[in-house]
Undergrad: 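One structure coming up, written as structure tokens, with questions to follow.
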Amino acid sequence: MVKEQTTELQDIVSHCKKLGYIYQSSEIYGGLSAVYDYGPYGVLLKNNIKEYWWKAMVQMNENIVGLDSAIFMDPKVWKASGHVDAFNDPLVDNKDSKKRYRADQLIEDYIQKKIQKKIDKDVNKAHKRFGDSFDKQQFLDTDQRTIERTKKINGILSRMNKALNTGDLADLRQLIIDLEIVCPHSGSKNWTEVRQFNLMFSTQGGGATSEDVLYLRPETAQGIFVNFMNVWNTSRQKIPFGIAQIGKAFRNEIVARQFIFRMREFEQMEMQFFVKPGEQKKFYEYWKEMRMKWHLALGTPPENLRFHNHETLAHYADAALDIEFQFPFGFKELEGIHSRTDFDLSSHQELSGKKLQIQDIETKQHYVPYVVETSIGCDRMFLATLSQAYNIDLAPDSKGELKERVVLKLPPAIAPVKCAVLPVVRVNKALTKTAKKIFDEIKYSFNCQYDEKDAIGRRYRRQDQLGTPFCITVDEQTIEDNTVTLRERDTMKQERIPAEEIEKIVSKRVDMSSLLKQL
Ligand code: ATP
């Protein structure tokens with residue numbers, strides 16, 4: 001039975017802390033802003049997400065190989081990539097509250113709260129009025145008020161993007177003033193100039209002189225580009241082929257908010273696919289579809305995912321889009337897919353003086369490959385997974401009365417704990433002994449827990465909150481005929497199975513290959 005609900009970000013934050021999924025960094029000292037630590041269950045879930053991505057990329061594709069490059073790189077890497085000169089956020093301060101904001105985010109928030117919300121409200125109203133026959137697209141195309149509002153949004157976005165692309169910070173500020181945007185804290189319109197702020201963290205190298213500046217990488221991709229020739233020379237791959245990497249990235253996000261959505265230290269899962277110039281469009285379309293399939297295989301409803309094409313492109317891209325997920329705070333970027341041309345390899349070739357070219361087998365001509373990139377934040381994927389999984393429904397208590405239960409409906413293949421073994425009562429030593437024996441037998445195959453504390457109903461609730469897909473209950477009948485009950489988390493249905501088949505049955509249902517086979 002499903003209860004109508006909307007999940008707030010705060011529910012997820014509290015749940016993560018309570019269950020040991022995520023803690024704020026250095027919490028005993030008050031907490032370091034926008035930096036988080038993964039607790040005992042968090043690290044398991046995060047590792048499973050990474051494993052799913054890695055297998056989908058490296059194991060499933062003969063033409064993709066892995067890499068683990070260092071966080072520190074020669075500072076010239078960041079000069080060539082454009083990060084030293086252009087990895088900036090436009091910031092503006094409110095003079096009254098002294099709070100700092102990203103100018104583009106202030107404008108996007110304005111659009112969302114002041115215009116888009118009204119469109120959504122009208123769509124919902126019309127939906128209610130017309131029922132099943134309601135055609136949303138037709139409404140958006142024909143309702144006069146909605147057309148006007150959409151036009152206004154497009155006008156604002158196009159002015160903002162033009163200002164961002166041309167570096168016209170004065171006009172960006174003027175747009176904030178023209179829209180009469182107020183500071184959410186002070187309510188005032190007293191804004192400073194807009195300034196660019198570089199997002200890279202830097203530190204000192206061994207020599208500790210100003211020339212020894214080292215950057216903490218703001219993306220993992222450059223480690224792949226500078227190793228392109230090494231991998232090419234050693235991996236016996238042919239074009240097209242890809243290099244995949246999972247690793248930490250660091251960005252000095254000034255306006256860090258929304259929990260692990262925007263962090264200063266985070267993890268990326270990136271794959272650069274090297275193709276012949278001219279073939280980038282074909283592979284861009286291919287990876288766009290493949291990446292969406294990867295998300296959908298987890299059981300995420302299609303209406304919670306969407307493509308968002310970039311209207312204005314970064315200097316290095318000839319096409320780009322985001323896969324957006326409906327987070328508790330709206331549709332936001334979860335993953336980026338970018339056709340990066342030969343920008344990165346050509347820039348590194350120029351600055352390093354080393355050839356980053358390969359020879360076309362047919363024409364014998366040398367060329368710098370083009371690149372299609374898929375880039376997803378592991379932490380953002382973690383938040384999307386939890387947002388999707390977090391549910392409150394109704395479950396019978398020990399007296400059969402329906403009570404609210406919090407349940408994480410995580411896909412079994414990535415759930416941190418796959419199975420809990422529970423003797424129905426603790427006092428019966430024969431039951432606890434048998435349950436422990438079962439636990440000791442199945443723990444070799446997947447991550448499981450043994451729990452004998454509290455009434456059985458409470459123990460089920462504990463596992464539901466954790467997202468454990470299966471509970472094995474050992475009762476009197478187990479002693480008689482060596483069968484146990486297997487309880488499924490979402491439906492709460494129980495089936496009686498022979499104890500010697502637990503390992504086989506659960507392994508099959510939590511196997512990651514069930515996800516990979518859908519790709
Ligand atoms: P945004 O516009 O949200 O700042 P971006 O376009 O700068 O993101 P990319 O540079 O394309 O992001 O990075 C690829 C992916 O890395 C993003 O889709 C996101 O999942 C993740 N990511 C980027 N910045 C952060 C961050 N500060 N915290 C957590 N994940 C991040």
Side-chain angles (χ1 to χ4, degrees), residues 9 22 25 32-38 46 49-50 53 78 81-83 86-91 101-109 112 157 160-161 164 197-201 216-225 244-272 287-288 291-292 294-295 305-317 319-325 327 329-340 343-344 371-387:
L9 182 63
I22 295 175
S25 164
L32 187 62
S33 166
V35 187
Y36 292 90
D37 300 335
Y38 287 79
K46 197 177 183 206
I49 291 173
K50 289 195 264 188
W53 184 87
W78 306 110
S81 67
H83 284 81
F87 194 51
N88 300 321
D89 270 350
L91 298 182
Y101 300 91
R102 250 174 72 176
D104 54 333
Q105 280 178 356
L106 271 184
I107 296 166
E108 281 169 1
D109 282 355
Q112 183 62 33
L157 283 177
M160 179 182 89
N161 287 328
L164 286 171
F197 180 90
N198 195 286
L199 293 178
M200 278 198 296
F201 281 105
L216 274 76
R217 66 178 176 199
E219 62 174 29
T220 57
Q222 298 303 325
I224 293 180
F225 291 126
Q245 156 152 255
I246 299 178
K248 290 267 185 173
F250 304 83
R251 295 182 189 179
N252 196 0
E253 303 274 5
I254 289 303
V255 191
R257 50 183 184 171
Q258 290 154 339
F259 194 37
I260 55 168
F261 181 83
R262 190 171 297 288
M263 300 156 88
R264 298 208 165 106
E265 173 179 342
F266 57 102
E267 228 169 336
Q268 287 186 315
M269 308 190 283
E270 296 199 296
M271 193 277 296
Q272 319 293 134
W287 283 109
K288 175 182 161 184
R291 293 304 303 145
M292 185 56 102
W294 185 88
H295 290 283
L305 289 161
R306 71 181 186 194
F307 292 119
H308 169 77
N309 289 317
H310 288 201
E311 277 166 28
T312 49
L313 297 170
H315 56 286
Y316 53 75
L321 63 86
D322 297 333
I323 295 179
E324 293 187 337
F325 173 77
F327 287 96
F329 38 86
F331 269 104
K332 295 275 176 210
E333 173 178 343
L334 171 59
E335 168 157 11
I337 304 190
H338 312 123
S339 176
R340 287 177 83 126
F343 171 80
D344 302 271
V371 169
V372 174
E373 152 185 275
T374 74
S375 171
I376 176 167
C378 182
D379 313 85
R380 250 182 228 188
M381 185 60 204
F382 189 107
L383 182 59
T385 305
L386 277 192
S387 313

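Both ligands and their constituent atoms are indexed starting at 1 by order of listing. These figures come from a predicted structure and were not determined experimentally.
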Undergrad: Under a 4.0 Å N-O cut-off, is there an ion pair linking Glu324 with Arg306?
TA: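 Arg306 and Glu324: salt-bridged.
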Undergrad: Taking only heavy atoms of Gly377, which atoms of ligand 1 are found under 4.0 Å from at least one of them?
TA: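 Counting atoms of ligand 1 from 1, those under 4.0 Å from Gly377 are 15 (C), 16 (O), 19 (C), 20 (O), 21 (C).
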Undergrad: Between Glu265 and Arg251, does any side-chain N to carboxylate O distance fall below 4.0 Å?
TA: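 Salt bridge flag = no for Arg251 with Glu265.
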Undergrad: Tell me the contacting part of Arg262 for ligand 1: side chain, backbone, both, or neither, using a 4.0 Å heavy-atom threshold, strictly below.
TA: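 Both parts.
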Undergrad: Without swapping roles, check the side chain of Arg380 against the backbone of Glu333 for a donor-acceptor pair under 3.5 Å.
TA: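 Judged by distance alone, yes, a pair lies under 3.5 Å.
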Undergrad: Could you pull out, from Lys332, His338, Glu333, the option with a heavy atom nearest to atom 6 (O) of ligand 1?
TA: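 Selected option, by shortest heavy-atom distance: Glu333.
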Undergrad: I'd like to know if the side chain of Glu270 pairs up with that of Ser375 as donor and acceptor (distance under 3.5 Å, no hydrogens or angles considered).
TA: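 On atom types as modelled, these side chains qualify, holding a pair under 3.5 Å.
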Undergrad: Report yes if some N/O of Ile376 lies less than 3.5 Å from some N/O of ligand 1; otherwise report no.
TA: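 Min N/O separation from ligand 1 is not below 3.5 Å for Ile376.
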Undergrad: Does the side chain of Gln222 come under 3.5 Å of the side chain of His83 through a donor N or O and an acceptor N or O?
TA: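 There is no such pair between these side chains.
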Undergrad: Is the ring pair Phe327/Phe329 parallel, tilted or perpendicular, if the boundaries are 30 and 60 degrees?
TA: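 Ring orientation of Phe327 relative to Phe329: parallel.
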Undergrad: Hey, is Leu334 touching ligand 1 through its side chain, its backbone, both or neither, going by heavy atoms under 4.0 Å?
TA: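 The backbone, only.
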Undergrad: Give the residue and atom name of whichever protein heavy atom lies nearest to atom 30 (N) of ligand 1, and the separation in Å to one decimal.
TA: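 Looking only at protein heavy atoms, the one closest to atom 30 (N) of ligand 1 is Phe266 CD1, 3.5 Å.
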Undergrad: Nearest protein heavy atom to atom 14 (C) of ligand 1, by residue and atom, and its distance?
TA: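 Of every protein heavy atom, Ser375 OG, 2.9 Å lies nearest to atom 14 (C) of ligand 1.
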Undergrad: Taking only heavy atoms of Glu335 into account, list the atoms of ligand 1 that are under 4.0 Å away from them.
TA: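 By the 4.0 Å cutoff, the relevant atoms are 18 (O).
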Undergrad: Run down the list Met269, Met263, Arg251, Glu373 and name the one with the heavy atom closest to atom 28 (N) of ligand 1.
TA: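 Going through Met269, Met263, Arg251, Glu373 one by one, Met263 has the nearest heavy atom to atom 28 (N) of ligand 1.
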Undergrad: If you have a sec, work out which protein heavy atom is nearest atom 29 (C) of ligand 1 and how many Å separate them, to one decimal?
TA: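 Nearest protein contact, heavy atoms only, for atom 29 (C) of ligand 1 is Phe261 O, 3.2 Å.
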Undergrad: Could you tell me which residues satisfy ring pair (Phe, Tyr, Trp, His ring centres under 6.0 Å) with Phe201, sequence neighbours excluded, listed by chain and number?
TA: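 So Phe201 forms no ring pair (Phe, Tyr, Trp, His ring centres under 6.0 Å) with any residue.
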Undergrad: At what distance is the nearest protein heavy atom to atom 16 (O) of ligand 1, and which residue and atom is it?
TA: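 It is Gln268 NE2, 3.3 Å.
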Undergrad: Is it the case that Asp379 and Tyr36 place a side-chain donor and acceptor less than 3.5 Å from each other?
TA: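 There is no such pair (donor and acceptor under 3.5 Å, judged by atom type) between the side chains of Asp379 and Tyr36.
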